[in-house]
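What follows is a short report on a single structure.
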Amino acid sequence: MSDTRIADIKGRRVWDSRGRPTVEVDVTLKSGAFGRAIAPAGASMGSGEAVDLRDGGAKLGGYDVGRAVNAVNSEVAVALGGMDAADQASIDQAMIALDGTANKGRLGGNAIVATSMAVLHAAAAASGIPLWQHLAQGRKVRIPLPEIQIFGGGAHAARRVDIQDFMVMCPGAASFAQALEWTAEVYLAAGSIMKQAGKLQGVADEGGYWPAFRSNEEALDTLVASILKAGFKGGDVAISLDVAASEFGKAGTYTLALDDRKLDTTAMIDMLGRWCEAYPIVSIEDPVAEDDAEGFVAFTRAYGDRCQVIGDDFLVTNAARVRKAAADGAATAVLIKPNQAGTVTETRAALDAGKAAGFGTIVSARSGETEDVTIVYLAVGWDAGQLKVGSFSRSERMAKWNECLRIEEALGRDAVFAGRGALGFRR
Ligand code: PGA
Ligand code: ZN
């Protein structure tokens, strides 16, 4: 057995897909095994998320991460030095205790999550097998069903439309490779439709086309037209939405800027319900705001048997919140973002809580991303069943889709694509 004790930890500032600073961490073990990870960053964040430590002030818009990098190179490096990287739970517990806050704001969620994931990579490197395999520990895993953005919106497109993500899923695909090929056809078709309509204006934060639409419905109509133009039927390629309602709803009032309308929770749910009737929608994320638990219950009761209801800002990758939502019937699926929780161990706990409840589980990137592809290994190794990475352009997104393709190829005939069965519905 190689020596898996931590010999060295080094943090540095690197840059994310929005050109903002973020934290990268290198971990070297006594055996020489090495791991590296980079913290992502959200734009439409839940209030219950782990908080990134930013320097504030005028420089770099206040986004600099000098203090978070310093925390890695001083306090964190000292505390974790000599600890066993193979014992992820103890590593993560040590950082939680060292930080001492409920939201990880003292050392920074960015410092902690990058360190936690880098330790995980180092432990896998020491074991000499790919990270996804290291996580699977011999259990059967599936290649996740991808959820891929075609039009960006909300906080990722200067609120050009209210809804944040207009996505496709390919429940009819036989493999991950085929799901990507089908999505590529839809993305291409959407681009040509936008071009013909004189609406092609580049892409939003996650690489989906800029939503130059007059209404949320026009975006939905254009998405359906794109699926049809690409030659697919509703059942094979379906629609998934991230409403990200916390961005425009609070205390039971939802302000649709584009349609110049204010809706209460009931009207909001009715509008989404009409969309579920009119369009081939299989999944809706954050249909109401994070403070609207009753709205989540009402929406799940009304539509959760045919539409996956995902909690993102609502559940913030928190196991206790997932268990409560399951008991209340407030969702049928949970989005799993490592930097919402702040450590690998807590992320895993939220995913396990989701699985125990019979929820769909979707490992997800953030709108601020990098070349780091750790989430792909988590999605496969933990057998999450679904993966959300943003759109089908820009290399911080494509790096992740491409890595998942390589895993499917490496598994060869043993590869099992999660497909339609990965979606979580109310039973
Ligand atoms: P964020 O959004 O990464 O900007 O927070 C992603 C999401 O809402 O799923
Ligand atoms: Zn979301």
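Atom set for the values below is all heavy atoms of this structure, side chains included, hydrogens, waters and symmetry mates excluded. Atoms within each ligand, like the ligands themselves, are counted from 1 in listed order.
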Is there a nitrogen or oxygen of [X] sitting under 3.5 Å from a nitrogen or oxygen of ligand 1?
X	result
E206	no
R366	yes
S364	no
H156	yes
D312	yes
G368	no

Please state the angle at the Zn ion (ligand 2) spanned by OE2 of E285 and OD2 of D312: what is it, rounded to 10 degrees? 90°
If you measure from [atom1] on [X] to [atom2] on [Y], what distance do you get to the nearest 0.5 Å?
X	Y	atom1	atom2	value
E217	R274	CD	CZ	8.0 Å
D162	L256	CG	CG	4.5 Å
D165	S240	CG	OG	8.0 Å

Suppose I only count heavy atoms of [X] and a 4.0 Å limit; which atoms of ligand 1 are within that range?
X	value
L335	9 (O)
G42	1 (P), 3 (O), 4 (O), 5 (O)
E285	9 (O)

Are [X] and [Y] linked by a side-chain donor-acceptor pair shorter than 3.5 Å?
X	Y	result
D372	T370	no
D16	Y63	no
T343	E346	yes
E49	T317	no
E294	T265	no
D242	Q149	no

Below a 4.0 angstrom heavy-atom separation, can you tell me which part of [X], side chain or backbone, both or neither, approaches ligand 1?
X	result
A244	neither
D242	side chain
D286	neither

Answer yes or no for D205: is there a heavy-atom contact with ligand 1 below 4.0 Å? no
Quick one: look up the protein heavy atom nearest [atom] and list residue, atom name and how far away it is.
atom	value
atom 3 (O) of ligand 1	S367 N, 2.8 Å
atom 2 (O) of ligand 1	S44 OG, 3.3 Å
atom 6 (C) of ligand 1	K337 NZ, 3.4 Å
atom 8 (O) of ligand 1	Q164 NE2, 2.8 Å
atom 9 (O) of ligand 1	K388 NZ, 2.7 Å

Presence of N, O or S from D165 under 2.8 Å of the Zn ion (ligand 2): no
For A384 and V363, the nearest pair of non-hydrogen atoms, with its separation, is CB-CG2, 3.6 Å
Between the Zn ion (ligand 2) and D242, which N, O or S atom of the residue is the nearest one? OD2
Salt bridge (charged side-chain N to carboxylate O under 4.0 Å, His left out) evaluation trace for K10 with D26: CA-CA 5 Å; K10 169 147 186 58; D26 290 355; over 6 Å; no
Please identify which of these residues, E403, E409, E408, meets the side chain to side chain donor-acceptor pair (under 3.5 Å) condition with R406. E403
Which word best sums up how the rings of Y209 and F151 line up, parallel for under 30°, tilted for 30 to 60°, or perpendicular for over 60°? tilted
